[in-house]
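Chain letters run A, B, ... following the sequence lines, proteins first and then strands; every chain starts at 1. Remember, predicted model here, so these are calculated numbers, not experimental data.
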2 protein chains.
Amino acid sequence: MNDDLLSLEEFLPYRLNRLADAVSRDFSRLYRDRFGLTRPEWRLLATLGQYGTMTATAIGQHSAMHKTKVSRAVTALEERRWLRRAPHATDRRVEHLTLTKAGEDAYRELVPLAREFETRILEQMRPAEKGAIISGLAALERAMLQQRDQD
Amino acid sequence: MNDDLLSLEEFLPYRLNRLADAVSRDFSRLYRDRFGLTRPEWRLLATLGQYGTMTATAIGQHSAMHKTKVSRAVTALEERRWLRRAPHATDRRVEHLTLTKAGEDAYRELVPLAREFETRILEQMRPAEKGAIISGLAALERAMLQQRDQD
DNA sequence: CCGAATTTGTTACATCGGTAACAATTGAAT
DNA sequence: ATTCAATTGTTACCGATGTAACAAATTCGG
């Protein structure tokens, strides 16, 4: 192997991006075709569906979305009447976001589709391989956190 | 665990995207700070650096970039005098793209930085974890290919 | 050969996304 | 209390990106 060349096929950032791109593109068809959702809107829906009421800032931190993305997705889902804003008891800058009935219905319809999508991919892999990707991603998540803490 | 809820933290597309995003954002500082390159431009440079002469279509297929991204990156690197276009012997639609001396110099400067970046992440992980992420990604790459072949 | 279909690469258009500026509010310092 | 800093969320602006339309060239079917 040549030290002057970088093998992109073995280069971690490149592999991650390629995979995330391909998986995301396939998966987006589910929420795009059925509901016309964008990716930030799906993420907002999935986060509120899982956690119930949250503030915009908390959603951004938890789902790794920029606050402008969150803000725009909130506006979009609010216009669909899929979520409602409620004032914070003491801090008037903050709004609590909660899914409406219609939002919950959409969430409940999408969750099994998301599960099936993931299953379809994983069942192409052998058990040891599934274990490798699942624990490997966990290890990488930890490594990235440590990385960030050092700087 | 609740069957009605989707745990985003364990959901493969979400984890992949979060990681790819974080890794890419960190890594982009290397080529952005040093050379003001965009991600498509870095990918073009890295692909031509590794493989020598290629056509735009081949680059797009190999590096999973949309042809408009390739086209724009080619224009950008050409204006920097980092690559040159040469006509194809028999097909006048096609152009062969090759790095110039200046392009190769930049590539040679970036390769070790890319290697160090990857090493810094991987050395936060134990050997077994490194093996897990590397073989897990390979298995997932295969699974995605099989997936695509079935449709 | 000849016209239709395909391929290669560029460009116009619309959309998306991040940076930065901003208003409103709250917290901290003194 | 009063001023300054920090936080929350929105918006204007600009750059990036994909879709679709396109021109030029080639290939294919008959």
* Asked: Separation of A:Leu83 atom CG from D:dG9 atom P, in whole Å?
  -> 13 Å

For nucleotides 26-29 of chain C, print each protein N/O atom paired with a nucleotide N/O atom at under 3.5 Å, atom names and distance only.
unit_1 : atom_1 : unit_2  : atom_2 : d
C:dT26 : OP1    : A:Thr90 : O      : 3.2
C:dT26 : OP1    : A:Arg92 : N      : 2.9

* Asked: Does B:Arg81 CZ have over 12 foreign heavy atoms under 6.0 Å away?
  -> no

* Structure fact -> Closest heavy-atom pair, A:Leu44 versus A:Met65, reported as atoms and distance to 0.1 Å, is N-CE, 4.2 Å

* Asked: Quick one: does B:Arg18's side chain get under 4.5 Å of B:Glu9's, heavy atoms only?
  -> no

* To do: Verify side chain to side chain contact (heavy atoms under 4.5 Å, CB included) between A:Thr57 and A:Lys67, making sure each step is shown before the conclusion.
  => CA-CA 7 Å; A:Thr57 298; A:Lys67 61 179 180 174; over 6 Å; no

* Near DNA chain D, which residues from residues 38-67 of chain B have a heavy atom under 4.0 Å away? -> B:Thr38, B:Pro40, B:His66

* **Distance, rounded to the nearest Å, where A:Asp21 contributes CG and D:dG18 contributes P** => 8 Å

* Quick one: is D:dG15 close enough that its OP1 or OP2 comes under 4.0 Å of any side-chain N or O from B:Arg32? -> no

* Answer yes when A:Arg108 and A:Asp105 have at least one side-chain N-carboxylate O distance shorter than 4.0 Å, and no when they do not. => yes

* Asked: Under 3.5 Å, side chain of B:Thr47 to main-chain N/O of B:Arg43, donor-acceptor pair present?
  -> yes

* Side-chain (B:Arg15) to main-chain (A:Ile134) donor-acceptor, under 3.5 angstrom -> yes

* Any chain of hydrophobic side-chain contacts (each under 4.5 Å) joining A:Leu145 to A:Leu140? -> no

* Give the nucleotide from the list C:dT10, D:dT10, D:dG9 with an atom nearest to the side chain of A:Val94. => D:dG9

* Say whether, by atom type as modelled, one donor and one acceptor occur between the side chain of B:Gln50 and the main chain of A:Leu8 under 3.5 angstrom. => yes

* Structure fact -> Numerically ordered, the residues 68-81 of chain B set in heavy-atom contact under 4.0 Å with DNA chain D is B:Thr68, B:Lys69, B:Arg72

* Asked: side chain to side chain contact (heavy atoms under 4.5 Å, CB included) between A:Leu5 and B:Tyr107: does it pass, once the steps are laid out?
  -> CA-CA 9 Å; A:Leu5 300 183; B:Tyr107 179 72; 3.8 Å; yes

